[in-house]
Structures are given as C-alpha cells and as structure tokens.
Amino acid sequence: MATAKFQALRGTRDILSPESERQRALVNTFAEQCHLAGYGHIMSPIFEDLGVFLRVGESTDVVTKEMYDFEDKDGRRIALRPELTASVVRAFVQHNPPNLPWKAWYEGPQFRHERPQAGRYRQFSQVGIEVLGSDDPHVDVEVIALGWRFYESLGMQQVTLLLNSLGDESCRPQYFTALETYLRDRAADLTEAARETLEKNPLRVLDSKREQDAAVIAEAPLMVDHLSAETAEHFAAVRSGLEALGIPYEISPKLVRGLDYYTRTTFEFASTALENAQNAVGGGGRYDGLAESLGGKPTPGIGFALGVDRILLACDAEDTFPAPSTVPDVFVVDLTGGGEAVVVTDRLRQAGISADRGFDGRSMKAQMKVANRAGSPWAVIIGENELAEGNVTVRDMHGETGQTLISSADLVTELSSRLGR
RNA sequence: GUGGUUGUAGCUCAGUUCGGUAGAGCACCGCGUUGUGGUCGCGGCGGUCGCGGGUUCAAAUCCCGUCAGCCACCCCA
C-alpha cells in the first residue's frame, strides 16, 4: 500500500461515485416529497452557539458527551450541530415568520463524537422536516405520513413505525413521580448503569437493553396509562389519522427517544432489514416547549429526522434504490490526436447529450476498451479518413446495428434520434 | 466512554500455528500485423505485509504502543 500520509478521521469517510450520486438522488426524492406537501427548504449554519444545543437536554448523551464544541478566535463557545431541530427552532424564533404553521425541510451533515460502527458515524447525514405553530394532531399525522411515504418511495418495505406519547405538563410530572418511585423501590434489582441513568432521567431507564434490567422494566408503570384526558385525546386522533391513511404502526410504550425536549407524540422508524444494533432509520416527535426555551413565544412544534446513511444501508439490505446510472450517452474515440474530440464532445454536451472521451492519444484498441467499460450505448469514432471528409463513424456498442458513416454536421440530430429524444 | 475482534497489491483473500527478507484470483497496462470494445491466449506493472518501537544473526509472522475498520454495551440517525 502506498503509505498515505493522512486518512479521513475516525468516524468520517469519503463518499465516492456512484454512492455519492445515490445519496444525492435520495435527497432529491425527499425534497420532491416535501415540495409536494408545502414545505420550504431551510439551510441553517453547520455550527451554532453552544447554548442552542444545551437547551436540547442537560441529561442527554448527545449534549453531555458527544458534542463537538470549541472556543473560536473570539472566545465564543461554538458547537458543530449534533442535530438539526434545535437549529431550525432557533431560526424560527430569530425570524418569527408570520404565517403559521411554518413548515420547513432540511438536509445535511451533523456531528456527534461517538464510537463509530456500521451505520453510526461521527459525521452523518440526515434529512428532516419541522412544523412550528400548530398542535393540531392532523399535523402529527401529516409529518409521520410524509416519513412513511418517503420510505415507500425508495422501495423499502421492511420498516416498522413505533409510536408513543410522552404526555405533557398536564400528566407527565405525576407519571414521572410514579415511575421514579417504582424504580427506586426496585433499584436493588437494577444494574449500576441503570441506577446512574435513574439519577439523571428516570424515563430513559426504560430504554435499557441490558438483560438484567428487563424484569424491572417489564413491570414499570407506563406513560400511556397515565395520560391526561386531553393528551389521550390528541394521541387517539393521531392514531385514527394514521389508520385513515392505512399506515400501520405499533404502540411502543417504552419508546423514549434521546432528546429531552419531546412531549406528547413521539415515533421512530425501525428497519427490520438491518441486523445490527443501529436499526433506527428515523425518528421524531413533538417538542411543544422548545421554542419558548430558546427565547421565543410559546409555540408548539413537531418534526422528524431520518438518517441518510442508515437508510442507504437498509436499502442495500432490501436490495432497493440502487445508485443512478452515470453512463454517458456517447463515448468519443479520436484517432487523430484528440483535438477533434474536444470540439465534438463540446457540441454534444451543449445539445444535452452526455459525452465522455479517451485521452492521452491512446491506441484505438485502448480507447475502445475504455468506451466499452464506460458502458455507453454509442461510440463516435473519428479517424483520419473521417476527419478529412468531414464525417464521423457512429457505432452501436450494444445492439446489432453495427456502424455507419455520417456527416459530422448531422451528428447531434442522428444521436438524438438514436437516443430517442 | 467500556469490552471484544480484525488490519498483507486498487478489490477479495492465502501465508502468521513451528520467525529465514511475499503469493493467488479479479482489476489495470501491453501484445495477438494494416483504424474497432465485450470472449480467449501470452506477457507485464503493482506491496518497506496500517503506522511506530522492541526482542532476534534474521519478523508479515513474537512483544508493546498507536491509528483505523467491525461487533456488543452505551446511545442514537
């Protein structure tokens, strides 16, 4: 191995063609669906004041352990965004848009200092949407449905929608007390790790995958059994909306999610095609208090984020959504030194016909090999004879048509018709 | 952050047990007569064995460290 002096840092990677084209196609598909549903595109900064993310939750790993934060040259505390909801809500509060609900979609890289493994990177990419200014359960349904339909449009079939309600101020405090009391009573039966979690956020104890904690968790009181009348009604409306759309879901009473700002509706999309532990391909929920905590007016909000890298892994596992073709329409073989191909490829590209060519004055045989490898259906051959007569040879690389000599002036029209355009 | 596992040509891997200065397939390049790819045949390029240090007359093979991938936990997309 030619010893490379540098390599991409741990948890980061170069995404080369055609995988990069595939990722772009995924984002385009998502953008199209958002556009159809009336969402506008938001591009927010990749770094923000650290405080924006501290509001996300003092007890979360994302904030306490995993943040890429630093002091800039002006002495300000800066963080590379570990998620986008906080950024989008910050932008909402800052610009105070007049027409509510305000609906936005986004895509881009995010950063978390975690130990990487398949489907988990330190720089990863998400697409997502946020809706601010309405707590209508129909908004919840629209948001969840948009995610669900997106997976469908990629051809994914092995996705499970997990649904839960985390309640709100009207019922959550009472539930928290009940849960905490229960867990403290049973603390002796919990692992030490779980007891530590209990001190920080009792709710998250429910999320433990440790076998020793399973018995205690199985009997724990559940939020869904403690919802206030109003919250229960909201949750029921969300469910019936999903049923009206024929979107299957599973009530998952122990679905907690990692960010403290969630209230009421929470959900997660899990791929059953992924065998590793990182099977969550998307998640989201309501965050009715977040805008206020970032200095805005009390404004309800809901959104989701879908993991681009994990979705593509799941697509691999389901053998769907392949990378788009990068095959040029035409490959130009120039035997006269290469200068004529400069002119011909330029003409073709201006006419909207994708064209690649051989370089370095290689032999015809070598250029034909490259043309074959490129996979182009048509080759244009320019030899001394053609050049002298103002002609080019068009060769069928796949079919039985063989090759024909045409006037160079007719090349664009000839190829357009052969390509069916 | 914790524990485990792996790291040899562009790619997939053999060689590591019992130390003696590197192999295969694919890919790539060239040739198989005059300007023609895909099949086939022949030839060729390519690795200081992740990196650094140690033990040894001698290390891809043993020891230590480090970097990176993978797996589980943690957490999450």
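Computed from a predicted model, the values in this text were never measured in an experiment. Lettering follows sequence order; numbering is per chain, from 1.
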Is it the case that atom [atom1] in [X] sees more than 12 heavy atoms from other parts of the structure closer than 6.0 Å?
X	atom1	result
A:Glu152	CD	yes
A:Phe47	CZ	no
A:Gln157	CD	no

Sugar-phosphate only, base, or nothing, as touched by [X] at under 4.0 Å among non-hydrogen atoms:
X	result
A:Arg10	sugar-phosphate
A:Gly119	base
A:Gly11	sugar-phosphate
A:Ala371	nothing

Rounded to whole angstrom units, what separation is found between the [atom1] atom of [X] and the [atom2] atom of [N]?
X	N	atom1	atom2	answer
A:Met156	B:A77	CE	C1'	12 Å
A:Asp207	B:C74	CG	P	9 Å
A:Glu66	B:A77	CD	C1'	11 Å
A:Leu274	B:C71	CG	P	11 Å
A:Glu114	B:A77	CD	P	9 Å
A:Glu130	B:A77	CD	P	12 Å
A:Glu196	B:C75	CD	P	11 Å
A:Leu9	B:C51	CG	P	19 Å

Expressed as a whole number of Å, how far does the [atom1] atom of [N] sit from that of [M]?
N	M	atom1	value
B:G52	B:U39	P	40 Å
B:U2	B:A77	P	23 Å
B:C64	B:U21	P	25 Å
B:A60	B:G50	P	10 Å
B:G53	B:A14	C1'	28 Å
B:G7	B:G46	P	26 Å
B:U55	B:C63	P	15 Å
B:G37	B:C31	P	11 Å

- Note on the structure: Per the under-4.0 Å heavy-atom filter, residues of residues 263-273 of chain A near RNA chain B come out as none

- Message: Just N and O in the side chain of A:Arg362: are any of them under 4.0 Å from OP1 or OP2 of B:G30?
- Response: yes

- Check whether any side-chain nitrogen or oxygen of A:Gln110 sits under 4.0 Å from OP1 or OP2 of B:A77, and answer yes or no. no

Can you pull every protein N or O that's under 3.5 Å from an N or O on nucleotides 4-7 of chain B?
none

- Parallel under 30°, tilted from 30 to 60°, perpendicular over 60°: which one fits the rings of A:Phe269 and A:Phe304? perpendicular

- Would you please classify the geometry between the A:Phe92 ring and the A:Trp102 ring as parallel, tilted or perpendicular, with 30° and 60° separating the classes? tilted

Residue pair [X] / [Y], side-chain donor-acceptor N/O under 3.5 Å:
X	Y	answer
A:Thr336	A:Glu340	no
A:Asn279	A:Ser271	no
A:Asp140	A:His234	yes
A:Glu48	A:Ser87	yes

- Message: Closest approach to the side chain of A:Asp309, judged atom by atom: which nucleotide of B:C29, B:C75, B:A77 is it?
- Response: B:A77

- Message: Using a strict threshold of under 4.0 Å (side-chain N to carboxylate O), is an ion pair present between A:Arg122 and A:Glu66?
- Response: no

- Message: Any salt bridge linking A:Asp360 with A:Arg362? Criterion: basic side-chain nitrogen under 4.0 Å from a carboxylate oxygen.
- Response: no

Find the partner of [N]: check Watson-Crick (N1-N3 plus N6-O4 or O6-N4) and G-U wobble (N1-O2, O6-N3) distances, both under 3.5 Å, and reply none if neither fits.
N	value
B:U66	B:G50
B:A27	none
B:C74	none

- Message: Within the 4.0 Å limit for protein heavy atoms, which parts of nucleotides 33-46 of chain B are touched? Write it as a string from 5' to 3', B for base, S for sugar-phosphate only, - for none.
- Response: --BBBB--------

- Ranking A:Arg122 and A:Thr12 by the position along RNA chain B of their nearest nucleotide, the one closer to 5' is A:Thr12

- Query: If you find the nucleotide of RNA chain B closest to A:Gly283 and the one closest to A:Ser363, which residue's nucleotide is nearer the 5' end?
  - Reply: A:Ser363

- Message: So which atom in A:Leu335 and which in A:Gly383 form the shortest heavy-atom distance, rounded to 0.1 Å?
- Response: CB-CA, 4.1 Å

- Item | Cation-pi geometry met for A:Arg395 and A:Trp378 (6.0 Å, 45°) | no

- Donor-acceptor pair present, A:Arg120 side chain and B:C74 base, under 3.5 Å: yes

- Judged by atom type as modelled, is there a donor-acceptor pair below 3.5 Å linking the side chain of A:Tyr182 to the main-chain atoms of A:Val216? yes

